[in-house]
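Taking it in order: structure first as structure tokens, then the write-up.
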Number of protein chains: 2
Amino acid sequence: MHCKLYNVGIIERKEREKAEMRRRIVDVAVKMIVEEGYEKVSIRNIADKIEYSPATIYLYYKDKDQLLYDVQTEAFATLAKDFLQKVTHTDPFKRLEQLAHAYLDFSRNHPELYDLMFIIKAPMNALVEKEKWENGDPAYDGLYHLMQECIDKKVVKFKDATIGTLSVWAFAHGFVSLHLRGRCSKVSGVSDEEMPAIMNEAIKEYLRMIKA
Amino acid sequence: MHCKLYNVGIIERKEREKAEMRRRIVDVAVKMIVEEGYEKVSIRNIADKIEYSPATIYLYYKDKDQLLYDVQTEAFATLAKDFLQKVTHTDPFKRLEQLAHAYLDFSRNHPELYDLMFIIKAPMNALVEKEKWENGDPAYDGLYHLMQECIDKKVVKFKDATIGTLSVWAFAHGFVSLHLRGRCSKVSGVSDEEMPAIMNEAIKEYLRMIKA
DNA sequence: CAAATATACTGAACAGTGTTTATTTTCCAA
DNA sequence: TTGGAAAATAAACACTGTTCAGTATATTTG
């Protein structure tokens with residue numbers, strides 16, 4: 001007769017080992033994405049580096065999208081760390097300025113991670129029939145509450161926090177993504193070298209304009 | 001002795017045929033990208049539809065990136081048509097408003113083309129060691145000159161046309177691309193259905209803010 | 001401890017991708 | 001008609017994500 005297999009201690013250890021394996025997979029994927037670029041991240045390359053067969057990856061992740069979702073989680077964690085360290089001011093509008101510049105800095109320091117977080121489709125495929133994007137939510141929420149505070153204290157022109165939040169985000173993301181995907185330089189004499197300076201200038205001007 | 005091969009008429013016909021083949025390739029690629037999505041566009045699928053072998057494509061295009069660059073050219077041509085039809089006002093600021101809304105409309109009517117034009121990396125790889133992005137240039141130039149006119153007539157707050165142009169473009173593109181790549185819905189209760197309305201609202205508010 | 005079974009892992013294959021090369025077919029000029 | 005240039009292709013190469021049958025390892029049971 002088939003009955004209780006494995007005692008509780010072993011089950012716990014197996015779960016721990018499963019989690020550890022997933023960690024190893026995600027860690028090596030993050031390393032590869034940062035050091036060699038997103039395009040070099042393949043199941044086979046990951047398998048090579050952790051010294052397992054490619055098929056083994058599929059015992060820990062349903063597909064590559066799910067794996068990349070966990071890599072994205074990691075990327076958002078490093079962004080959160082940046083924010084926590086750099087967004088310190090007590091004045092809400094100054095905090096908004098710090099946040100915007102921290103966002104731009106992150107995109108420059110970790111362009112491949114930024115790509116995975118905000119541009120690449122793959123990790124979002126892991127969200128089908130899920131209603132929340134847990135990875136992006138904390139960052140969005142942080143900006144949203146900051147925006148709400150700015151509205152409450154009447155330091156910005158926005159009336160609606162959602163529109164204010166999305167507007168600031170879209171403005172920054174628009175610049176970053178056009179630049180990352182090579183659409184800015186090579187149009188009418190805007191070179192790649194001058195882009196960071198122009199972006200900073202534009203963001204400053206935008207913040208000046210939304211200021212109440 | 002080896003001497004003048006092919007008379008002039010035949011050479012001309014051959015060149016015409018070469019151009020016609022490229023047309024067929026690009027046309028079918030555009031059709032596929034619109035009807036089946038960018039991901040379904042492969043050299044083999046294109047070859048199937050034009051009834052040639054995959055290797056033949058490489059007699060007319062160095063690689064897929066070069067092919068996609070020509071598809072992008074086509075996409076920009078349809079955007080230009082939209083602009084020409086919809087951006088008609090004599091007042092420069094109203095023309096700016098028309099342009100912004102035409103841009104958003106285009107992204108909704110042709111999301112896959114928008115992707116190829118402004119997000120996907122591949123077509124830009126065709127530009128290595130080229131200093132100008134001929135595809136994007138006319139659209140950028142149009143907005144730039146419009147912006148310059150707005151600045152000259154003091155109907156916008158911008159002082160620098162480059163920053164003004166890039167700012168408006170980045171703002172619109174930021175919204176469109178975040179939405180297209182599924183980053184907007186599924187964050188803190190912003191659903192996919194309400195996004196177009198929010199985007200219109202945000203653009204209107206932005207234009208109000210840049211107005212002098 | 002040995003046998004039975006549940007779990008972990010992998011080699012090999014499948015179906016795709018972009019691209020190259022050797023070979024064949026088609027076309028044109030002498 | 002024949003020699004040679006040009007055009008087209010079949011087949012292969014080196015990748016990709018993914019699946020599955022079969023092997024190896026762990027763990028529980030008799």
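Keep in mind it's a predicted model, so treat the numbers as computed, not measured. We use all heavy atoms of the structure for the numbers below, so side chains are in, but hydrogens, waters and symmetry mates are not.
- Summarising the geometry, the separation between CG on Leu67(A) and C1' on dG17(D) is reported as 12 Å, rounded to the nearest angstrom.
- Direction of the helix axis in the helix from dC1(C)-dG30(D) to dC27(C)-dG4(D) shifts by 30° between the two five-pair termini, rounded to 10°.
- In this structure, the CG atom of Leu59(B) is 10 Å from the C1' atom of dA6(D), given to the nearest Å.
- In this structure, CE of Met21(B) is placed 9 Å from C1' of dA7(D), rounded to the nearest angstrom.
- Relative ring orientation between Trp169(B) and Tyr140(B) is described as perpendicular, the plane-to-plane angle rising above 60° on a 0-90° scale split at 30° and 60°.
- Whole-Å rounding puts the Asp63(B) CG to dA14(D) C1' distance at 17 Å.
- Summarising the geometry, the separation between NZ on Lys64(A) and C1' on dT16(D) is reported as 8 Å, rounded to the nearest angstrom.
- Computed from coordinates, the Tyr58(B) OH to dA12(D) C1' distance equals 14 Å when rounded to whole Å.
- The aromatic ring centres of Tyr103(B) and Tyr114(B) sit less than 6.0 Å apart.
- Rounded to a whole Å, the CD atom of Gln66(A) is 10 Å from the P atom of dT18(D).
- Legend: salt bridge (Lys or Arg N to Asp or Glu O under 4.0 Å) pairs involving residues 101-116 of chain A, not counting sequence neighbours, sorted by first then second residue: Lys86(A)-Asp105(A), Asp105(A)-Arg108(A), Asp115(A)-Arg181(A), Asp115(A)-Lys121(B).
- His179(A) is linked by a ring pair (Phe, Tyr, Trp, His ring centres under 6.0 Å) to nothing, counting only residues two or more places apart in sequence or in another chain.
- Checked against side-chain hydrogen bond (donor to acceptor under 3.5 Å, both in side chains), Lys204(B) has no partners two or more places apart in sequence or in another chain.
- Every residue meeting the ring pair (Phe, Tyr, Trp, His ring centres under 6.0 Å) condition with Phe175(B), not counting sequence neighbours, appears here in chain and number order: Phe171(B).
- Using a 4.0 Å cut-off, some side-chain N or O of Tyr60(A) falls inside it from OP1 or OP2 of dC9(C).
- Annotation: proximity of residues 31-54 of chain B to DNA chain D (heavy atom, distance under 4.0 Å) is found for Arg44(B), Tyr52(B), Ser53(B), numbered in ascending order.
- A search for ring pair (Phe, Tyr, Trp, His ring centres under 6.0 Å) contacts involving Tyr69(B) returns nothing, not counting sequence neighbours.
- We find that CG of Asn125(B) is positioned 14 Å from P of dG18(C), with the value rounded to whole Å.
- Take Gln66(A) and apply the side-chain hydrogen bond (donor to acceptor under 3.5 Å, both in side chains) test, not counting sequence neighbours, and it matches no residue.
- Residues forming a ring pair (Phe, Tyr, Trp, His ring centres under 6.0 Å) with Phe106(A) (at least two apart in sequence, or on another chain): His110(A).
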